[in-house]
Every structure is written in C-alpha cells, then in structure tokens.
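Presented below is the structure to which this report refers.
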Amino acid sequence: MYRFGLIGYPVRQSFSPWIHEEFFKRTNQSGMYTLHELNPETTSFKDELDILKKELHGFNVTLPYKQVIIPYLDELDPAAQSIGAVNTVVEQNGQWKGYNTDGMGYIKSLKNDYPHLFSNRPLKTLIIGAGGAARGIYDALINNGFTYIDIANRTLEHGEQVAKLGGNNCSTNVFALTSLQDTIETYDLIIQTTSVGMVPNKDVIFPLRKVKEGCVVSDIVYQPIKTLFLQQAKASGACIHFGHKMLLYQAERAFHLWTNKEVVLTNMEHDLKELLEGR
Ligand code: ATR
C-alpha cells in the first residue's frame, strides 16, 4: 500500500488528500495521502523530515518549505534545480529526489482549455508576481516555446531574478506593478501568480479595466474559484482560466512520478471546482 503526504504550514485545509485518494481509486491501487502540518516555530524541520522519510514513499512540499527542503534531498531534477523550489519528493532506491511539477501542471491545464495559445505564435505573455510559482510557470512556458514573457512585480529586483532563468531563450522586460497600466492592453496571455485575492483577502493585484481582444487571463489562486481579478478580466471581455486546474494537474504529475500510473481525469476538474465552492 502506498503512503504519500503533504508537508507544509498551514496545510489543514488542503484539497490534495481528496485529489490523491481519487487518483488511487481511479488507478485501482490502495494507498493513503496524509497531511503533515509542521509549524516552523515549534518543530524541527530536520527531525520531522527524518520521521516522514521512514513513514512515506513520497510526499509533496508546500509553503514555507519549497526551498528549505533542498539541502535535505539527495538529488534534484534539472527543472527543480533551475527553479530553485521543490513541490514533489520521490524515493528512488533509498535516495530522495526533488521535482517541481507546478509549471508542468500549469501548462497542461492551460493547454487543455486554450490549445490555440500553443500553436499561434508569437504571443506576448505577462506574468504578475515573482515568487516560487512564477518561477515554475516562467520556466515551463519557455520550455514550451514561449519567447516573449514580461514580468510585473511589486519588487523589481525579485522580477529581475526570475528573468535570469530565461537566459537567451526568451525576451523579458521587468516592470513595477505601478507602470503596468500603459502596456496591459498589449498582452495575449496574463498570468496572476501571487496569493493576492486568496480568501479571506478580497484584493486584486492590479485593476484590470481593459485587455486586448481575445486575451486569456489566468489566476493561480483557487479559493475563491472566481477571484476578483478573474471577475474583472471577464468583465473586460477576456477569456478566463481558473487556478484549481493547476492544482489538479501538478498533483497528477506528482502521482505519476510516485506510481508510474496515468490517471484518467474525467470530471475531476468539475468535481474539484464544486468541492472548492462548498457544494
Ligand atoms: P510563492 O512561492 O507561492 O509564489 P512567494 O514566494 O511568497 O509565494 O511569492 C509571492 C509573490 O507575490 C511575490 O512576487 C510577491 O511580491 P514581492 O516580490 O514584491 O514580495 C507577491 N506579493 C505577495 N503579496 C503581495 C501584495 N500584497 N502586493 C503585491 N505583491 C504581492
């Protein structure tokens, strides 16, 4: 029987157990997925990790440990290495290897909904934010042939650090959020990667009043499902892309790394959305 889990703080409200238990059912395997809440102020990360490495066959990592975990692993996948953050840890012959499935999960969810974004090039893309999620998405977009990706962030320096990941493979301008108003109508794809707008906070990272015709606007926040940012995008005529889809597809990729099984995801996007909406 497989034993997987999630470590982070807080994780009590996580929907990952529901997702992975559904994956076990759909692949006819027995297994469990448990939550391990490690309060950084009261627990020793190393001691807890030593215990979990004995109990689990693999695990996901979330805030605030996506970078902290790196020195405790034996090996890193190249994408996790360049992104500098790990969200999935796999045990292979007694060695613990770190992966980052966020970017790939994001790309799969976007491709499912808007395949034309992957064939009609060149596109002008904007990433808002410069944290771990932005790094994963930026790296994955470049690996999928996107060559023009700007970054807007509150702290310019953080945006510039993300842009370094692209090297010569991508043209990237970095802006302060405050100077976005002048260029926002030029983008074909806008991706909001910060936690701004997540419950209980009802803010919006940037007021979207007008976007280019046909623009796709994506928000990785999934609680609420329809953030104020997505509501504004819709009102401006944009096509919208919801954050719970990235959650689902990063989990699918992690499950595949652990079990080598493909899951049929029929209706899962819809069921997860209803669960998040409390239906
Ligand atoms: P994650 O790893 O989940 O992406 P993170 O590393 O904390 O989270 O990244 C948070 C991102 O959200 C950063 O880009 C941060 O901006 P700064 O680089 O200026 O810190 C951005 N962010 C968080 N709260 C914000 C707020 N209230 N207004 C603007 N940007 C915010």
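For ligands, and for the atoms within them, numbers begin at 1 and follow the listed sequence. Numbering starts at 1 and runs along the sequence shown. Here the structure is a predicted model, which means the values were calculated and not measured. Only this structure's heavy atoms are used, side chains among them; waters, hydrogens and symmetry mates stay out.
Not a single N or O atom of G129, backbone or side chain, sits closer than 3.5 Å to an N or O atom of ligand 1. Ligand 1 has no nitrogen or oxygen under 3.5 angstrom from a nitrogen or oxygen of L177. Residue R154 places at least one N or O, backbone or side chain, under 3.5 Å from an N or O of ligand 1.
Of all the listed residues (T193, I127, I128, N153), N153 holds the heavy atom that lies closest to atom 15 (C) of ligand 1. Heavy-atom proximity to atom 24 (N) of ligand 1, evaluated over I220, V196, N87, is greatest for V196.
Neither the backbone nor the side chain of D203 has a heavy atom within less than 4.0 Å of ligand 1. Residue-level proximity to ligand 1 for T155 is carried by backbone and side chain together, each with a heavy atom below 4.0 angstrom.
A salt bridge links K66 and D102; the closest N-O separation between the charged side-chain nitrogens and carboxylate oxygens is under 4.0 Å.
Distance check for atom 4 (O) of ligand 1: a protein heavy atom is found below 4.0 Å.
Judged purely by distance below 3.5 Å, without hydrogens or angles, the side chains of T186 and K124 pair a donor atom with an acceptor atom.
Closest protein heavy atom to atom 9 (O) of ligand 1: G131 CA, 3.2 Å. When hydrogens are left out, the protein atom nearest atom 29 (C) of ligand 1 is I205 CD1, 3.4 Å; that is the closest non-hydrogen contact. The closest protein non-hydrogen atom to atom 2 (O) of ligand 1 is G132 N, 2.9 Å.
Numbered from 1 in the order shown, with element, the atoms of ligand 1 that lie under 4.0 Å from a heavy atom of T194 read 12 (O), 21 (C). In the vicinity of H158, heavy-atom distances shorter than 4.0 Å reach the ligand 1 atoms 17 (P), 18 (O), 20 (O). Annotation for ligand 1: atoms under 4.0 Å from non-hydrogen atoms of A133 are 1 (P), 2 (O), 4 (O).
A ring-centre distance under 6.0 Å is not found for Y138 and Y106. Taking the centre of each ring, Y222 and F15 stay at or above the 6.0 Å mark. Aromatic ring centroids of H20 and Y33 lie under 6.0 Å apart. Between W258 and Y2, the distance separating the two ring centers is not shorter than 6.0 angstrom.
For the pair K108 and Y249, the NZ or CZ position fails the cation-pi test of under 6.0 Å to the six-membered ring centre and within 45 degrees of the ring normal.
For residues 143-167, the set of pairs meeting the salt bridge (charged side-chain N to carboxylate O under 4.0 Å, His left out) definition, not counting sequence neighbours, is empty.
A side-chain donor-acceptor contact under 3.5 Å links S14 to the backbone of S16.
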